[in-house]
Amino acid sequence: MADEIVMDVSSDADIVTARQKGRELAGRVGFSVTDLTLIATAISELARNIVLYAKHGAIAVSLAEHGYRRGIVIVARDEGPGIPNVSQALQDGYSTSGGLGLGLRGTRRLMDEFDIVSEVGKGTTVTVKKWLR
Amino acid sequence: MAVPILKQGNYLIASIQAALTDADLFELRNALVTQVGRFRSRGVVVDVTALDVMDSFAVRTLRDIAQMTRLRGAETVIVGIQPEVAFAMVQLGLTLEEVATALDLEEGLAYLVERSKRTGPEIGSHGG
């Protein structure tokens, strides 16, 4: 198995596949079952955001190293409508999809590092990381 | 993948066997809401032991199932939430407020039996 997997995401079946494959790769880093569950849940939320807002996109999961630290990086990228106000999208209770509004905000809580770049009309890229404790 | 729904007396038991897509979850919701009427069920147990991930969509659908079946006169209990899944749900900010939960199938059925004794058999029997 390669150190990086890239998965197309355009249907609800892809959401399940993405979180299962991502979990498999993260398992090789040596994460606990609890952390693997957090990682798989984060991938699920990111993949659902893609399907919901952009219709299609991709999720890349790769092994990360920073000095002695090892972990996992997940990049969710789409060329969808973009988010006009990123800070508002990360606020409590904010949702445009009629969902629980937990997608981005919740994902940030599940992971150690969270970064988002979004441009209206161009798309959104969310990068999250989790480090081995 | 369809979730098998078993009828046991006044109760329905939906036993999730593998990871579910959003479409599968919708199908389960619709099947339970329909079958509660067909079988005049008083309670529903949804066993999620096999789920290693419950994201915001799954939790919202389970909450919807509980609320919809309640409107049809049946109480729903969610059983078998794994410890890691419970941890992830809390981290994510997801709750199952006003939805009954129990450790496993046995506890879930015991809860429904106890509840029907409390509320009495005549209440809710007009529905269906």
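Throughout, a chain's letter reflects where its sequence line sits, starting with A, and its residues are numbered from 1.
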Could you tell me which portion of Arg23(A) (side chain, backbone, both or neither) has an atom closer than 4.5 angstrom to a non-hydrogen atom of chain B?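 Contact with chain B is through the side chain of Arg23(A) alone.
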Given heavy-atom pairs under 4.5 angstrom as the criterion, report whether the side chain, backbone, both or neither of Val33(A) touches chain B.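 Both parts, heavy atoms under 4.5 Å.
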Could you tell me whether a side-chain N or O of Arg69(A) sits under 3.5 Å from a main-chain N or O of Trp131(A), the two making a donor and an acceptor?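 Checked: no pair found.
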Indicate yes or no for a side-chain donor-acceptor contact from Thr41(A) to the backbone of Ala88(B) under 3.5 Å, with no hydrogens or angles considered.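 Checked: no pair found.
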Quick check on Met89(B) against chain A: is it the side chain, the backbone, both or neither that has a heavy atom closer than 4.5 Å?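 Neither part; nothing is under 4.5 Å.
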Verdict with reasoning, Phe26(B) to Phe57(B), per ring-ring contact (aromatic ring centres under 6.0 Å, His included): CA-CA 10 Å; Phe26(B) 271 141; Phe57(B) 184 85; 5.4 Å; yes
Test side chain to side chain donor-acceptor pair (under 3.5 Å) on Thr37(A) and Asp35(A); report intermediate values, then the result. CA-CA 5 Å; Thr37(A) 305; Asp35(A) 279 345; over 6 Å; no
